[in-house]
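This structure is a prediction, so every number in the text was calculated from the model and none was measured. Throughout, a chain's letter reflects where its sequence line sits, starting with A, and its residues are numbered from 1.
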Amino acid sequence: MRHPTPYLPAAALLAIAIAAPSSTALAYKQTMTCNESGIYACEAGETALPVYWPQRCIVYHINESGTSDTDNDAAFEAIQQSFAQWSEPSCTNLEVSFGGFTNEDEVRYNQSNPSSNVNVVVFRDDIWPHSSGVLALTSVTFQPRTGEIFDADIELNTAEYRFSTTDNRLRVGIDVANTVTHEAGHFFGLDHSSVRESTMYATAPSGETSKRDLHEDDIEGICAIYSADTSSSDDSCAGAPVGYFEKPLNTSISSGNTSSSGVCSTTAVSSRTPSPLHALASIGLLALAAITIRRR
Amino acid sequence: MTNLLHRVAWLLAIGLFGAILATSSPASATIVLKLDTAAMSDTASSIVMGRVEATRSYWERGRIVTEIDLRVALPIKGLQETGAVVTVRQFGGRVDELAQLVPGTPQFSVGEQALVFLETVAEDLPPVVVGMAQGKYHLAVGPDERLWAVRNLDNLSLAVFEETASGERMMRLIDASAVAESNALPLAVLLSEVAHDLKRSARPIPDALRERLDADLNPSGHDFTTDFKALGPRLDRAQEVTP
């Protein structure tokens with residue numbers, strides 16, 4: 001015996017899929033504050049917003065331990081070049097400053113003492129604390145109601161994989177500059193791009209090093225977030241401190257829930273931007289419903 | 001004619017569902033080794049199917065940690081028993097006015113049914129999902145009224161290692177669309193793959209899983225995996241025309 005409404009499950013699946021957040025119409029994309037569901041679900045009254053650094057001068061540090069995988073000087077130079085790429089386009093007022101080395105080796109955000117935080121790039125030579133198989137990972141701390149980024153850190157899994165800095169394509173294992181340039185894009189708030197040649201595209205040819213440099217689409221993306229035409233409260237890295245960043249002796253960081261609590265309105269706001277595919281899916285949903293009714 | 005309409009509607013639904021999932025969900029990417037079912041089965045210390053009963057996020061030494069409780073409905077590998085609660089741990093989440101995004105971590109919602117491959121990264125801590133979002137399947141009723149296993153890898157860059165002609169080991173990144181056909185498959189197919197992997201590695205197949213396979217595996221004889229493979233080019237085209 002047939003189920004009386006054989007297409008309803010399919011329709012339900014389509015509805016679930018349609019309810020998922022969609023891609024934007026642009027090639028580059030920005031990372032958003034929240035999703036429709038899951039642990040990053042938008043709360044009532046919240047709209048998904050792009051994440052961004054509120055200041056234009058962004059300082060990062062490199063963990064002094066480096067890695068045993070490759071020459072440390074070369075690895076450190078590769079990281080600095082990777083970050084510098086993102087502030088070079090003339091259409092952006094983003095300034096990126098290497099603040100020096102640090103003994104800070106933890107990815108963390110101290111709410112009670114924000115000035116003690118450091119944006120760090122760290123090689124994990126000994127223990128990789130995440131799922132096995134992860135090569136590189138960027139963690140971004142932000143305000144979910146505004147999208148303001150407070151802290152971002154990049155971890156490279158040298159415990160399980162070999163990284164290198166060589167220009168010899170045949171000897172490239174995992175290229176430090178290629179990887180960090182890509183991860184730094186996420187550090188600044190960019191998501192994947194649909195442009196194949198871009199640094200922020202998810203696919204790369206074998207042994208590639210081309211993501212060391214920015215593509216036109218990457219430049220368009222970074223300039224959309226940090227346009228040279230906009231001003232900000234802190235537009236220059238001229239006074240930014242440079243030097244060794246000593247991990248604070250008192251490393252106790254608040255545990256448990258944060259003290260602040262948000263005020264929620266009761267209006268649910270959709271963050272979804274309709275796309276042609278979603279429109280097509282809607283048509284498909286209607287067609288399935290029509291067929292179901294006709295079969296009855 | 002009616003059967004043809006029926007079949008076309010199913011294929012349309014499956015194709016659109018896969019295509020939409022592959023183009024949805026804005027998030028950043030984490031670079032992670034591509035793992036097939038066999039590799040995940042080997043890596044996993046436990047594999048369970050169950051219902052998400054609770055999630056909680058909290059601060060731990062400057063990081064937001066999220067724990068997910070799953071009530072086990074079907075223990076597949078490991079020591080868990082039916083009805084037990086398994087806690088899964090992952091970095092990232094939201095606590096009031098701060099969020100920490102760790103791209104590539106799987107998403108869990110209370111009430112959803114899921115199948116997860118779990119590994120232990122620290123002896124004194126709950127397990128994590130194998131291969132980040134690769135190791136978590138959301139379960140949903142599919143167009144054929146059976147359970148389907150669906151996963152979302154949009155925020156992952158998958159890495160594969162290949163040998164060059166000169167014998168060098170090279171890394172290549174692929175995106176989730178390259179593995180679209182493994183991102184939505186009948187649960188029975190996934191379970192049979194896992195059972196095959198357990199058998200290959202001389203591990204016991206739990207009675208509950210064996211019974212499940214006998215009851216569920218493709219009673220109609222229809223090969224939906226073949227349907228997905230046939231839809232592959234169509235999915236690719238759909239993705240290319242999506243802005």
Side-chain angles (χ1 to χ4, degrees), chain A residues 3 7 9-10 13-14 17-18 20-23 25 29 31-32 35 37-40 106-111 129 131-144 170-171 173-174 186 191-192 202-204 206-207 253-258 260-262 275-277 281 284 288 291, chain B residues 5 9-10 12-13 16-17 19-21 23-26 28-33 35 43 55 58-63 66 93-102 107-109 119 121 128-132 140-143 145 157 159 162 164 166 168 170-175 238 242-243:
Chain A
H3 190 286
Y7 300 108
L13 276 178
L14 280 171
I18 292 167
S22 73
S23 54
K29 288 193 292 184
T31 303
M32 306 302 281
N35 291 322
S37 61
I39 62 172
Y40 298 106
E106 292 183 53
V107 169
R108 59 180 183 166
Y109 181 73
N110 188 344
Q111 303 168 74
S131 304
S132 56
V134 178
L135 279 71
L137 190 143
T138 301
S139 301
V140 182
T141 305
F142 59 92
Q143 219 291 4
L170 289 180
R171 291 192 176 280
I174 301 172
H186 298 311
D191 198 349
H192 273 161
T203 305
S206 178
I253 289 183
S254 61
S255 58
N257 288 347
T258 50
S260 58
S261 60
S275 71
L277 186 59
L288 287 171
I291 293 169
Chain B
L5 269 177
W10 277 10
L12 179 67
L16 285 173
F17 183 55
I20 292 166
L21 278 179
T23 57
S24 294
S25 187
S28 301
T30 290
I31 304 173
V32 59
L33 188 67
L35 299 172
T43 303
T55 66
Y58 56 89
W59 285 94
E60 181 184 276
R61 300 179 64 213
R63 296 195 79 144
T66 295
R94 175 176 176 171
V95 179
D96 294 332
E97 295 303 299
L98 278 177
Q100 275 183 343
L101 176 66
V102 180
Q107 297 294 302
F108 290 92
S109 297
E119 65 172 313
V121 292
V128 303
V129 175
V130 173
M132 305 207 63
V141 177
E145 299 171 29
S157 294
E162 298 170 341
T164 66
S166 59
E168 296 285 344
M170 309 281 279
M171 185 186 80
R172 186 167 66 90
L173 297 180
I174 58 176
D175 67 8
T242 303

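The one candidate from B/T43, B/V32, B/L35 that meets the side chain to side chain contact (heavy atoms under 4.5 Å, CB included) condition with A/S132 is B/T43.
Note that CD1 of A/I39 and CD of B/Q107 are 5.0 Å apart. Values are rounded to the nearest 0.5 Å. Distance CZ/A/F142 to CG/B/L101: 5.5 Å, rounded to 0.5 Å.
Scanning all heavy atoms of the two residues, the minimum distance from A/G38 to B/S109 falls at N-OG, 3.1 Å. Closest approach of B/V102 to A/Y40, counting heavy atoms only: N-OH, 3.2 Å. Minimum heavy-atom separation, B/G131 to A/S131: N-CB, 3.8 Å. Pairing each heavy atom of A/R108 with each of B/R63, the nearest pair is CA-CG, 4.3 Å. For the residue pair A/Y109 and B/W59, the shortest heavy atom distance occurs at O-CZ3, 3.8 Å.
Residues B/Q100 and A/V107 have side chains not in contact (no heavy-atom distance under 4.5 Å, counting atoms from C-beta outward).
For chain A, the nearby part of B/V128 is the side chain; its heavy atoms alone come within less than 4.5 Å.
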